[in-house]
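All remarks here apply to the structure that follows.
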Amino acid sequence: MFGSNRITKLLNIKYPIIQGAMAWVADADLAAAVSNGGGLGIIAAGNMPPEALDRELRKIRTLTDKPFGLNIMLMSSTARDVLELAASHKVPVVTTGAGLPGKVIERLLPLGATVIPVIASVAHAERVEKQGASAVIAEGMEAGGHIGEIATMPLTAQVTRAVKIPVVAAGGVADGRGMLAAFALGAEGVQMGTRFVCAAECNAHDNFKKKIIAVGDRGTVVTGRTLKHPVRCVKNKFTQMFAEMEDSHASIEELDKFGSGKLRAAVVDGDMEHGSVMSGQIAGLVSKIQPAREIIEEVINEAAKLAGEISRRFE
Ligand code: TUI
């Protein structure tokens with residue numbers, strides 16, 4: 001129930017839905033499930049040791065013959081190794097986040113890879129377009145994890161005006177209504193993270209999934225603004241303590257030390273109080289665990305039905 005557009009053609013996928021790259025969460029199992037469901041699954045390298053990432057990249061080829069992506073978190077000390085693994089494994093699509101992707105584009109474009117940076121401003125979108133990016137993911141501050149300052153609606157509306165390459169909207173999208181809203185603003189695809197945490201194939205701890213299902217619209221908070229590194233997480237003891245440390249002007253070193261290992265604690269150990277439970281503001285809309293394929297089909301069918309209803313309203 002979806003024709004095709006520049007994003008489906010560029011990525012060679014059925015539906016223009018990309019799974020958000022979530023460190024510790026987005027492994028070969030989740031990415032393969034999304035790709036097999038007609039979207040684009042993404043393995044998040046995060047801070048993964050290169051040997052572990054090498055195993056995930058081998059594994060995904062055994063789980064799907066569909067296109068998939070790899071995300072390079074540019075702030076990570078392993079980003080260079082990840083880039084070389086993307087090259088040696090001939091990963092078809094590479095997304096980048098949390099930094100400027102010039103070197104990634106320079107290295108991978110000649111190899112025929114599709115490079116799609118996540119951007120959080122118009123200036124950054126224009127810059128990566130000039131550098132040769134194939135498309136951009138415009139991620140608003142409704143998203144979970146490390147975020148920019150602009151909300152998805154104004155960001156998407158302005159980025160789609162500013163660049164010629166296709167734009168994928170991210171942050172605050174978890175259903176067909178959100179997808180259609182993004183398309184109304186000129187996006188040609190959406191990226192969803194929070195909803196895919198609750199995919200049946202996602203290996204995140206059950207406590208994490210249950211937490212996403214339990215929280216409402218006001219369940220998340222942004223910490224790290226004083227570090228110029230804002231991160232959105234579910235409100236808990238960890239975010240409360242982090243905010244208190246920021247209020248009392250703790251040093252970057254102290255905050256880094258306090259934050260270290262907390263995402264793993266949430267995703268792997270299921271510690272919902274002392275872990276960093278990264279989630280988007282749309283968590284309140286996520287109500288159940290379902291196979292990735294079902295999530296994708298539900299979103300597409302809802303968007304298609306709603307598009308018809310809305311167009312009739314304007315006749
Ligand atoms: O990267 C993300 N989201 C992330 S990365 C991440 S890993 C992490 N682990 C532990 C603690 C903290 C983070 C969790 N979530 N999204 C993509 C994104 N990129 N959002 C914002 C940006 C961005 C911001 C500034 C990209 C480029 C940029 O460039 C400005 C500059 O001058 O560097």
Side-chain angles (χ1 to χ4, degrees), residues 18-27 42-48 53 69-79 82 94-105 115-129 131 133 135-152 155-156 159 167-173 190-194 196-197 204 208 220-234 238-239 242 246 252 255-268 271 274-281 283:
I18 300 179
Q19 164 242 312
M22 300 168 282
W24 289 101
V25 171
D27 60 7
I42 306 245
I43 295 174
N47 285 313
M48 224 189 262
L53 180 59
L70 170 66
N71 175 267
I72 308 181
M73 208 269 276
L74 294 165
M75 274 183 342
S76 171
S77 58
T78 64
V82 175
V94 169
T95 66
T96 64
L100 303 174
K103 288 206 175 88
V104 175
I105 297 172
V115 181
I116 311 184
V118 174
I119 54 91
S121 69
V122 167
H124 192 187
E126 288 173 336
R127 180 161 170 177
V128 301
E129 178 177 54
Q131 290 170 329
V136 286
I137 299 169
E139 187 185 87
M141 53 82 78
E142 298 94 320
H146 174 51
I147 52 173
E149 290 169 358
I150 309 169
T152 303
L155 181 68
T156 306
V159 170
V167 177
V168 174
V173 181
V190 290
Q191 176 177 279
M192 302 193 301
T194 305
F196 282 122
V197 171
F208 200 123
T220 69
V221 66
V222 179
T223 55
R225 282 207 169 102
T226 59
L227 296 173
K228 296 212 167 24
H229 183 212
V231 173
R232 183 180 299 284
C233 296
V234 171
F238 166 73
T239 59
F242 200 98
E246 283 191 276
I252 294 180
L255 288 166
D256 274 351
K257 192 169 165 214
F258 180 66
S260 167
K262 295 298 196 288
L263 182 57
R264 184 187 191 283
V267 180
V268 182
D271 188 341
H274 300 98
S276 170
V277 186
M278 292 183 185
S279 163
Q281 285 186 317

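Position 1 is the first residue of the sequence, and the numbers go up from there. Atoms within each ligand, like the ligands themselves, are counted from 1 in listed order. As the structure is a computational prediction, the values presented were derived from the model and not from experiment.
- In this structure, the protein non-hydrogen atom closest to atom 11 (C) of ligand 1 is M278 CE, 3.8 Å.
- Looking at heavy atoms from C-beta onward, E129 lies out of side-chain contact with V136 at the 4.5 angstrom threshold.
- Remark: the backbone N or O of V118 is not paired with any side-chain donor or acceptor of E139 at under 3.5 angstrom.
- Counting the atoms of ligand 1 from 1 in the order shown, those under 4.0 Å from a heavy atom of M73 are 5 (S), 7 (S).
- Of the protein's heavy atoms, none falls inside 4.0 Å of atom 25 (C) of ligand 1.
- The protein atom (non-hydrogen) at minimum distance from atom 30 (C) of ligand 1 is L100 CD2, 4.3 Å.
- Here's the thing with G99: none of its N/O atoms is less than 3.5 angstrom from an N/O atom of ligand 1.
- Rounding to the nearest 0.5 Å places CE of M22 at 12.5 Å from CD1 of I43.
- Of all protein heavy atoms, the one closest to atom 2 (C) of ligand 1 is H146 O, 3.4 Å.
- Near V118, the atoms of ligand 1 lying under 4.0 angstrom from a non-hydrogen atom of the residue are 17 (C), 18 (C), 26 (C).
- Between H229 and ligand 1, no N or O atom pair is found at a separation short of 3.5 Å.
- Atom CZ of R232 is separated from atom OG1 of T239 by 11.5 Å, given to the nearest 0.5 angstrom.
- Looking only at heavy atoms of the protein, atom 16 (N) of ligand 1 is closest to E139 OE1, 3.1 Å.
- Considering only heavy atoms from C-beta on, L227 comes within 4.5 Å of F242 through its side chain.
- Taking atom 27 (C) of ligand 1 as the reference point, the nearest protein heavy-atom neighbour is H124 CE1, 2.9 Å.
- Around atom 19 (N) of ligand 1, the closest heavy atom drawn from S260, A21, G20, A98 belongs to A98.
- Under the 3.5 Å distance criterion, the side-chain polar atoms of S276 are left unmatched by any main-chain donor or acceptor of K262.
- Between T78 and L53, the closest side-chain pair of non-hydrogen atoms is not below 4.5 Å.
- M22 does not count as a contact of ligand 1, since none of its heavy atoms falls under 4.0 Å from the ligand.
- Between G140 and T152, the shortest heavy-atom contact is CA-OG1, 3.3 Å.
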